[in-house]
Amino acid sequence: MDHFTYKNGELYAEDVTISDIAAEIGTPFYVYSTATIERHLRVFDEALSGMPHLVCYAMKANSNLAVLRIAVKAGAGLDVVSEGELHRAIAAGCPGDKIVFSGVGKTHEEMQLGIEANIRQFNIESEPEMARLNEVATSMGRTARITIRVNPDVDAKTHAKISTGKAADKFGIPISRAREVYALAASMEGLEVVGIDVHIGSQLTDLEPYESAFKKVAELTYQLRADGHDIRRLDLGGGLGIPYQQSNEAPPLPFDYGQVIQRTVGDLGCEIEIEPGRLIAGNAGLLIANTIYRKNGEGRDFLIINAAMNDLIRPAMYEAWHDIIPVKEPAHDAPIAPVDIVGPVCESGDTFAKQREMAIVNEGEMVAFRSAGAYGAVMSSEYNSRPLIPEVLVNGSRFDVVRPRPTYDDMLKRERIPDWLK
Ligand code: LLP
């Protein structure tokens with residue numbers, strides 16, 4: 001469920017019309033709904049009720065400071081994967097003890113900053129990374145709390161580019177070697193082992209891979225405890241999928257995901273951490289674009305819109321589907337016709353949808369991409385010197401621009417011509 005609905009023939013974000021926002025800031029833009037983000041955070045909290053837990057929003061999905069602030073105010077923690085994200089977490093007011101640091105290639109500087117911020121834990125992904133963190137922590141006279149990310153070798157049954165839990169993926173250490181690596185961790189003075197971490201992929205639409213992975217984590221918990229480690233936290237990662245195609249997709253509900261967690265690891269007395277990103281932000285955002293032209297091609301029509309692959313790369317990168325709807329509600333009996341929805345960038349990959357059956361949209365009319373709140377704005381670029389598009393946050397009948405559109409001057413000022421070329 002989200003808060004983007006038609007009322008009196010107009011598309012609304014909560015109580016604001018999309019056309020009012022467009023009139024004020026122009027198109028294209030991203031718009032996010034506060035109520036939807038808050039609701040999704042609550043749903044996970046409820047799904048884990050009965051177990052001590054912390055929901056750490058994976059900010060890679062949408063790291064706008066205003067979005068982070070909503071999560072922080074709701075009491076959530078944050079999952080960060082870079083120095084930049086850690087700076088954002090701190091700027092959003094997230095207490096250090098609610099920040100977990102994930103990622104396969106944490107640098108010396110990132111570790112130092114994490115230790116200075118006294119973060120909750122580093123999720124370690126390899127032995128060299130563990131040795132580096134030990135060095136950094138020791139040189140600072142501190143200890144860093146860690147979990148070790150294990151790779152359970154399960155097939156998450158999702159897109160190959162976002163599957164992370166198979167032996168051939170670059171993530172974590174093989175679960176078969178976990179005991180050995182935990183023994184090594186325990187021997188390092190600068191580290192304190194607090195738990196186990198696992199994350200098997202993103203946009204999972206089946207709970208079975210979670211069930212297999214979490215069972216392996218439960219078994220490992222017993223073994224590690226028998227080996228003398230104090231395993232008190234389990235970070236189970238993120239990855240729960242969302243319905244991108246609302247008419248025919250029904251991914252598992254957070255409640256059922258919570259039941260899997262309860263059933264597999266709920267009795268271990270561990271604090272459960274999860275790192276959902278997409279489910280928090282995905283359906284809380286729309287990308288709004290205007291139609292530049294409707295072009296009649298050979299045997300097909302093209303809707304050429306003013307958003308492009310640089311603004312939303314998911315269709316080009318993962319063949320991802322986004323529902324695309326007109327901003328002005330079509331009449332029930334409006335004719336439906338197939339259309340290719342494309343951006344203005346000079347590559348055929350700049351295609352959002354092929355032969356999409358939808359009500360006819362004409363030049364000057366806006367469309368909304370649903371489920372664009374996660375991995376949308378954060379993955380955008382200025383390819384073709386197209387400025388990053390603004391982000392807007394709605395809260396009831398209020399809205400604010402939470403990242404303004406840069407001017408061309410702003411963009412040019414970031415670069416310089418060296419003296420020898422002047
Ligand atoms: N934790 C870790 C360690 C992760 O690598 C990820 C996502 C998450 C949590 C959050 O997963 P989520 O709940 O959002 O599925 N750009 C891609 C998705 C990449 C996901 C990367 N890791 C896309 O647009 O589909």
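Atoms within a ligand are numbered from 1 in the order they appear, just like the ligands themselves.
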(message) Checking side-chain contact (heavy atoms from CB on, under 4.5 Å) between K215 and each of T264, V265, V154, which is the one that passes?
(response) T264
Show me which atoms of ligand 1 lie under 4.0 Å from any heavy atom of [X].
X    : answer
D79  : 1 (N), 9 (C)
E275 : 1 (N), 2 (C), 3 (C), 8 (C), 9 (C), 10 (C), 13 (O)
R149 : 3 (C)
G238 : 9 (C), 13 (O)

If you have a sec, work out which protein heavy atom is nearest [atom] and how many Å separate them, to one decimal?
atom                    : result
atom 15 (O) of ligand 1 : S202 OG, 2.4 Å
atom 19 (C) of ligand 1 : I162 CG2, 3.6 Å
atom 21 (C) of ligand 1 : K60 CD, 3.8 Å
atom 16 (N) of ligand 1 : Y318 OH, 2.8 Å
atom 24 (O) of ligand 1 : R314 NE, 2.6 Å
atom 8 (C) of ligand 1  : H199 CE1, 3.5 Å

(message) Once you measure the plane-to-plane angle for Y210 and F214, does it fall in the parallel (<30°), tilted (30-60°) or perpendicular (>60°) bin?
(response) tilted
(message) Exactly one of K106, R149, E275 should register a side-chain hydrogen bond (donor to acceptor under 3.5 Å, both in side chains) with N123. Which one does?
(response) E275
(message) For K161, which part has a heavy atom under 4.0 Å from ligand 1: side chain, backbone, both, or neither?
(response) neither
(request) Using a 4.0 Å heavy-atom cut-off, say whether T164 meets ligand 1 through its side chain, its backbone, both or neither. (result) neither
(request) Determine, considering heavy atoms only, which of R278, M317, M59 sits nearest to atom 25 (O) of ligand 1. (result) R278
(request) Would you tell me which option among P276, G239, S102, G103 has the nearest heavy-atom contact to atom 11 (O) of ligand 1? (result) G239
(request) Evaluate side chain to side chain donor-acceptor pair (under 3.5 Å) for Q203 paired with Y375, printing each intermediate quantity in order. (result) CA-CA 12 Å; Q203 186 55 18; Y375 306 111; over 6 Å; no
(message) Is it the case that the side chain of E110 and the backbone of E83 share a donor-acceptor pair, with hydrogens and angles ignored and the cut-off at 3.5 Å?
(response) yes
(request) Mark yes or no for whether E211, through its side chain, and L207, through its backbone, hold a donor-acceptor pair below 3.5 Å. (result) no
(request) Would you mind reporting whether V193 and I231 have side-chain heavy atoms less than 4.5 Å apart? (result) yes
(message) Any non-hydrogen side-chain atom of R370 less than 4.5 Å from a side-chain atom of Y244?
(response) no
(request) Would you kindly say whether T36 and D2 are connected by a side-chain donor-acceptor distance under 3.5 Å? (result) no
